[in-house]
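One structure below.
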Amino acid sequence: MKSSAEPLPGRFSSKRPTNSELTKPILIFFGPTAVGKTALLSRFDSSRFSVINADSIQVYKSLDIGSAKATKEEQEAIDHYLIDIREPHEAFSVGDFITEADRAVKQIHSEGKIPIISGGTAFYVKHFLYGLSEAPSSDERVRALIAKQIEEHGLAWAHSRLHEVDPISGARIHPNDAYRIARALEVFEQSGRALSSFDLPTTRRFPNPVLIIALEREHSELQSRVSERIAQMGELGLVEEIRHLIQGGAEASWASMAGIGYREFFELAESGEYSLQRVLKRIERNTRLYTKRQLTFFRSFTDAEWFDATDPEAVIGRVEAFLQSVASSAHQ
RNA sequence: GGAGAGGUACCCAAGCGGCCAAAGGGGGCAGACUGUAAAUCUGUUGGUUAUACCUUCGAAGGUUCGAAUCCUUCUCUCUCCA
């Protein structure tokens, strides 16, 4: 667990940008599940580019099939960072992502290559770009305490308490949103300050030129690709994978086990309705709903450029043009 | 062939004379997103010239001031017995 005293990750933007930072571009590829990111990445030359995974589940070891991780071969074709960097029982947060991604970006740039941050976790991408507020990071102990209080007194009580200590968050956070109510109370508990008193940064944390490519695909086509992918998971041995994880002590409460493709096993086992067919069906549904949320979140990224995933040439062309302009403006 | 249960909006399902364009859930669509985000949460969901009107609860007819709700016939589905 990180303590709140630790310096904030990636706060190196207050200095004036150096010329070298301005010539070190960062690419971001965002796309919903199954849009075709992996296929697109295979078109990029490993001598010039490396990939940084921006997917909250693929950071975990042993979660390969359910998270639709790039295969061994795909990972060998081009360097991948931030894959398999945590054990399944460990926590991983946006803050961790920023720290790790910063390190990877630095490493890739030092090799004279260009980092491609690629993934579907919009929350990570957003905070990689803009950074986090200075609110304290989560503390397991405090979180458990708040959870216990909510269990005892009810959610309505928690929300009205939030209203007292932080009226702005109280108004902003819906009374049913247990997750956010808990976090806001947790911040108050730890810092004595309202969550809403911590400003969210609105400018980029770094001066490097960034190209944000958002990938989409015709709706029905994306849906059928999702179906296909889930069916494949069954064939590839998703059941074996989850069995190993459970034998290794995996519990539903682990962050990694909240991932689609894993949580469904726990849910259905608990309700006594388990069958592989049911699990796969539910995974498929949850994935579909997830792609919807991903797209919605990413639509709020006003500086993203949208491309159809069926046209990799267009993306490649745009990337080359972007790199060209970075290189030429550096010479001025 | 006999007995019974039932057909409700995209799906499941409640309603069983007026407060019903019809609960609830799912899905669809739209949205939010301040350190677990593949998480969590919200709105909306018959049509329109929209505080009103039109069409809708298997079909047709009937009773009633008034029907998804009662009656008759038809039709389809399911279960059990032959």
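None of the values given here were measured: they were computed from a predicted structure.
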Quiz item: Counting just side-chain N and O atoms, does Asn176(A) come under 4.0 Å of either OP1 or OP2 of U42(B)?
Solution: yes
Quiz item: Across all strands shown, which nucleotide pairs with A32(B) by Watson-Crick or G-U wobble geometry, both distances under 3.5 Å?
Solution: U40(B)
Quiz item: In whole angstrom, what separates Asp177(A)'s CG from U34(B)'s C1'?
Solution: 13 Å
Exercise. For A50(B), give its Watson-Crick or G-U wobble partner with both distances under 3.5 Å, or none.
Key: none
Exercise. Pick base, sugar-phosphate or nothing for Gly261(A), based on heavy-atom distances below 4.0 Å to the nucleic acid.
Key: nothing
Self-check item: Any donor-acceptor N/O pair under 3.5 Å between U34(B) base and Arg172(A) side chain
Solution: yes
Quiz item: Between Phe92(A) (CZ) and A38(B) (P), how many Å, whole number?
Solution: 11 Å
Quiz item: Is the shortest side-chain N to carboxylate O distance from Asp102(A) to Arg205(A) below 4.0 Å?
Solution: yes
Exercise. Using the C1' atom on both, measure G28(B) against G46(B) and round to a whole Å.
Key: 15 Å
Self-check item: Between P of C41(B) and CG of Leu155(A), the distance in whole Å
Solution: 9 Å
Exercise. Could you measure between the two P atoms, the one in U73(B) and the one in G2(B), and give it in whole Å?
Key: 15 Å
Quiz prompt | G15(B) versus A22(B) - spacing of their C1' atoms, nearest Å | solution = 8 Å
Practice problem: Find the partner of G18(B): check Watson-Crick (N1-N3 plus N6-O4 or O6-N4) and G-U wobble (N1-O2, O6-N3) distances, both under 3.5 Å, and reply none if neither fits. | Solution: C65(B)
Quiz item: Between Arg263(A) and U40(B), does any side-chain N or O lie under 4.0 Å from OP1 or OP2?
Solution: yes
Practice problem: To the nearest Å, give me how far apart NZ (Lys281(A)) and P (C12(B)) are. | Solution: 12 Å
Quiz item: Any chance the side chains of Ser196(A) and Asp166(A) put a donor and an acceptor closer than 3.5 Å?
Solution: yes
Exercise. Could you tell me whether the phosphate oxygens of G31(B), OP1 or OP2, come under 4.0 Å of any side-chain nitrogen or oxygen in Thr296(A)?
Key: yes
Self-check item: Between Glu284(A) and Ser227(A), a side-chain donor and acceptor under 3.5 Å
Solution: yes
Practice problem: With P as the reference atom in both, quote the distance from A59(B) to U8(B) in angstrom, rounded to an integer. | Solution: 10 Å
Quiz item: Please give, in whole Å, the distance from A32(B) C1' to Leu295(A) CG?
Solution: 15 Å
Practice problem: Examine the base of A38(B) for any acceptor or donor lying under 3.5 Å from a partner atom in the side chain of Asp55(A), and report the outcome as yes or no. | Solution: yes
Quiz prompt | Donor-acceptor pair present, Arg293(A) side chain and A30(B) base, under 3.5 Å | solution = no
Quiz item: Looking at U34(B), A37(B), C29(B), which one has an atom nearest to any side-chain atom of Lys292(A)?
Solution: C29(B)
Self-check item: Under-4.0 Å side-chain N/O to phosphate OP1/OP2 contact, Thr121(A) with A37(B)
Solution: no
Quiz item: Across the strands shown, which category fits Thr33(A) at heavy-atom distances under 4.0 angstrom: base, sugar-phosphate, nothing?
Solution: nothing
Quiz item: Regarding Glu74(A) and Thr71(A), is there a side-chain donor-to-acceptor distance under 3.5 Å anywhere?
Solution: yes
Exercise. State whether Arg299(A) and Glu216(A) are salt-bridged, where the test is any N-O pair (Lys NZ or Arg NE/NH1/NH2 against Asp/Glu carboxylate O) under 4.0 Å.
Key: no
Practice problem: Report yes if a side-chain nitrogen or oxygen of Tyr124(A) is closer than 4.0 Å to either non-bridging phosphate oxygen (OP1 or OP2) of A37(B); otherwise report no. | Solution: yes
Exercise. Find the partner of G6(B): check Watson-Crick (N1-N3 plus N6-O4 or O6-N4) and G-U wobble (N1-O2, O6-N3) distances, both under 3.5 Å, and reply none if neither fits.
Key: C76(B)
Quiz item: So, Glu264(A) versus Asn286(A): side-chain donor-acceptor pair below 3.5 Å or not?
Solution: yes
Quiz item: Can a side chain N or O of His219(A) be found less than 4.0 Å away from OP1 or OP2 on C29(B)?
Solution: yes
Quiz item: How far does CG of Asp308(A) sit from CG of Leu215(A), to the nearest 0.5 angstrom?
Solution: 8.5 Å
Quiz item: Think Arg299(A) has a side-chain N or O under 4.0 angstrom from the OP1 or OP2 of G31(B)?
Solution: yes
Quiz item: Using a cut-off of less than 4.0 Å, is there contact between a side-chain N or O of Tyr179(A) and OP1 or OP2 of U40(B)?
Solution: no
